[in-house]
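Structure, as structure tokens:
These figures come from a predicted structure and were not determined experimentally.
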Amino acid sequence: MKAVTIPEFGDAEVLRVATVPVPEPGPGQVAIDVAYAGANFAEVLYRRGVVDVPLPFVPGIEVAGRIRAVGEDVEGLTVGQPVAALSIVDSGGYAEVVVTSADLVVPLDGLGIGMDVAAALPSNSTTAFLVLDRVARIEPGERVLIHAAAGGVGSQLGQAARLLGAGHVVGTVGSAAKIETAKRFGYHEVITRDRIADAGEFDVMVDMVGGPARRAGLDRLAPMGRLVVMGNASGAEDIGIPANELWFTNKTVSGFNLAAFSAAFPQETSQALGRAVAAAATGDLRVRVETLPLEQAAEAHRRIESGTTTGKLVLEVAAL
């Protein structure tokens, strides 16, 4: 089958289209004929070698397509069924066929969701619900701040916060040019990150940017506020957070990593994915999708790394 591989660590140009063996599902797994694969910053980290993966490696943490084959002990999924799936535990989504745990697959039958949109939901939208509900434990009426509000996951976090009852949701963006785009995704207010010191206090904050934005965010947490760290897109040096500071100020800092969470809690991850798919089907959760051919995976990576993307990039693998 055709797949995009990482033969060596490096910049986007190292990505190669190659012919690789078709994977077969084991017990508890399914094989999926991939229609679209989401493009994410996580795959950029794989390519750079930040995450230690065996080479050559096929990236791709989320897909939409049709069930190709079902392994032993799998119930509720049938060959030919349209599905959205996380392939984040073992990766492999940048390919014509991917194998993943049946626990991380959600049927799309009768929902009216396009395969391109469905491929944009498993990572970012699932993360949004898990981060806010499971980790931050958001309460009705709370003030929420989301960094990188115009990006793939940021566009979902603002909407999920509203659906979960947040009273006021503020997004930050890296440049004024992204403000109007971010406002379309559920935010009451969008500001540039250099204005955070004047934005008031927040009960919940989600940071995937890192660096100065993380320190500034922690300073704006209200007593009993919760900061969730889930990335370092800025590439800045880590920000040390003294435990005594948390003690004296009644603040909490938590981390969230979807790959580790999916491996440890597949059933809970599946429930969150189902929640995201259902919200997208009713129109309560909107995703702005731009598609590129699978062969242009390197271009997708360059756009993600440039920080200029808004919404979600997905790679078209096959018309199913």
Is any side-chain heavy atom of Thr172 closer than 4.5 Å to one of Val209?
no
I need the Leu132 CG to Arg226 CZ distance, nearest 0.5 Å.
10.0 Å
Salt bridge (Lys or Arg N to Asp or Glu O under 4.0 Å) with Glu299: which residues, sequence neighbours excluded?
Arg302, Arg303
Under 4.0 Å between a side-chain nitrogen and a carboxylate oxygen: does that hold for Lys2 and Glu295?
yes
Applying a strict under-4.5 Å side-chain criterion to I, L, V, M, F, W and Y, I'd like to know whether Val58 and Leu315 cluster together.
yes
Rounded to the nearest 0.5 Å, how far does CD of Gln271 lie from CG of Leu130?
9.5 Å
Using side-chain heavy atoms (C-beta onward) and a distance below 4.5 Å, is Phe256 in contact with Leu258?
yes
Side-chain donor-acceptor pair under 3.5 Å between Glu43 and His301, yes or no?
no
Any heavy-atom pair between the side chains of Val228 and Met205 that's under 4.5 Å?
no
Keeping Thr192 on the side-chain end and Gly174 on the backbone end, is there a donor-acceptor pair under 3.5 Å?
no
Ser254 OG to Arg134 CZ distance, which is reported to the nearest 0.5 Å:
10.5 Å
Can you tell me if Ser270 uses its side chain to pair, donor with acceptor, with the backbone of Pro266 under 3.5 Å?
no
Between Gln156 and Ser125, is any side-chain donor less than 3.5 angstrom from a side-chain acceptor?
yes
Show the nearest heavy-atom pair for residues Leu273 and Ala85, with the distance to one decimal.
CD2-CA, 4.5 Å
Taking CD in Glu13 as the centre, count heavy atoms belonging to other residues, nucleotides or ligands within less than 6.0 Å. Is the count above 12?
yes
Closest heavy-atom pair, Pro59 versus Val4, reported as atoms and distance to 0.1 Å, is CD-O, 3.3 Å
ILVMFWY cluster, Phe129 and Val135 together (side-chain gap under 4.5 Å):
yes
Find out if a path of hydrophobic residues (ILVMFWY) with successive side-chain heavy-atom gaps under 4.5 Å connects Phe265 to Ile61.
yes
Treating Ile, Leu, Val, Met, Phe, Trp and Tyr as nodes and any side-chain heavy-atom pair under 4.5 angstrom as an edge, say whether Val106 and Met115 lie in one connected cluster.
yes
Val206, Ile241: one ILVMFWY side-chain cluster at the under-4.5 Å cut-off?
no
Quick check: closest heavy atoms across Val317 and Glu96, and the distance to 0.1 Å?
CG1-CA, 3.8 Å
Can you find a heavy atom in the side chain of Asn124 that is under 4.5 Å from one in the side chain of Asn40?
yes
Within-4.5 Å side-chain heavy-atom neighbours: Phe202 and Val144:
no
In this structure, CG of Asp207 is separated from OG of Ser234 (nearest 0.5 Å) by 8.0 Å
Residues Asp203, Glu139; criterion side chain to side chain contact (heavy atoms under 4.5 Å, CB included); working and verdict:
CA-CA 9 Å; Asp203 304 294; Glu139 296 286 342; over 6 Å; no
Between Gly200 and Arg220, what is the shortest heavy-atom contact and its length?
O-NE, 3.1 Å
Testing the basics here: between Leu77 and Val70, what is the closest heavy-atom pair and its distance to 0.1 Å?
O-CG2, 3.7 Å
Taking all heavy atoms of Gly93 and all of Val34, pick out the closest pair and write down the distance.
O-CG1, 4.0 Å
Between Tyr187 and Gln159, does the side chain to side chain contact (heavy atoms under 4.5 Å, CB included) criterion hold? Intermediate values first, please.
CA-CA 7 Å; Tyr187 291 97; Gln159 297 178 79; over 6 Å; no
Ring geometry between Phe57 and Tyr46 (parallel below 30°, tilted from 30 to 60°, perpendicular above 60°)
perpendicular
Salt bridge (Lys or Arg N to Asp or Glu O under 4.0 Å): which pairs involve residues 106-115, sequence neighbours left out?
none
So does Ala236 get a backbone contact from the side chain of Asn232, meaning a donor-acceptor N/O pair under 3.5 Å?
yes
Salt-bridge criterion met for Asp133 and Arg137 (N-O under 4.0 Å)
no
Should Met1 and Val20 count as side-chain neighbours, where that means a heavy-atom distance under 4.5 Å?
yes
Are the side chains of Leu145 and Val204 in contact, using a 4.5 Å heavy-atom criterion?
no
Spacing of Thr291 atom OG1 and Leu313 atom CG [to the nearest 0.5 Å]
9.0 Å
Between Ile32 and Arg68, does a side chain to side chain contact (heavy atoms under 4.5 Å, CB included) hold up when you go through it step by step?
CA-CA 5 Å; Ile32 299 170; Arg68 175 187 179 93; 5.9 Å; no
Residues Arg48 and Glu8 bridged, charged N to O under 4.0 Å
no
Hey, what do you get for CD1 (Ile146) to CG (Leu157), rounding to the nearest 0.5 Å?
4.5 Å
Is any NZ, NE, NH1 or NH2 atom of the basic residue among Asp33 and Arg66 found under 4.0 Å from an Asp or Glu carboxylate oxygen of the other?
no
Are any of the side-chain heavy atoms of Leu294 and Tyr94 separated by less than 4.5 Å?
yes
Does Glu305 come within less than 4.0 Å of Arg47, counting only side-chain N to carboxylate O?
yes
In plain terms, say whether Arg143 and Glu189 are close enough for a salt bridge, that is, a side-chain N and a carboxylate O under 4.0 Å apart.
no
So, the side chain of Ser91 versus the backbone of Ile88: is there a donor-acceptor pair under 3.5 Å, distance only?
no
For Lys312, which residues count as a salt bridge (Lys or Arg N to Asp or Glu O under 4.0 Å) partner, sequence neighbours excluded?
Glu62
Evaluate side chain to side chain contact (heavy atoms under 4.5 Å, CB included) for Ile304 paired with Ser306, printing each intermediate quantity in order.
CA-CA 5 Å; Ile304 291 170; Ser306 73; over 6 Å; no
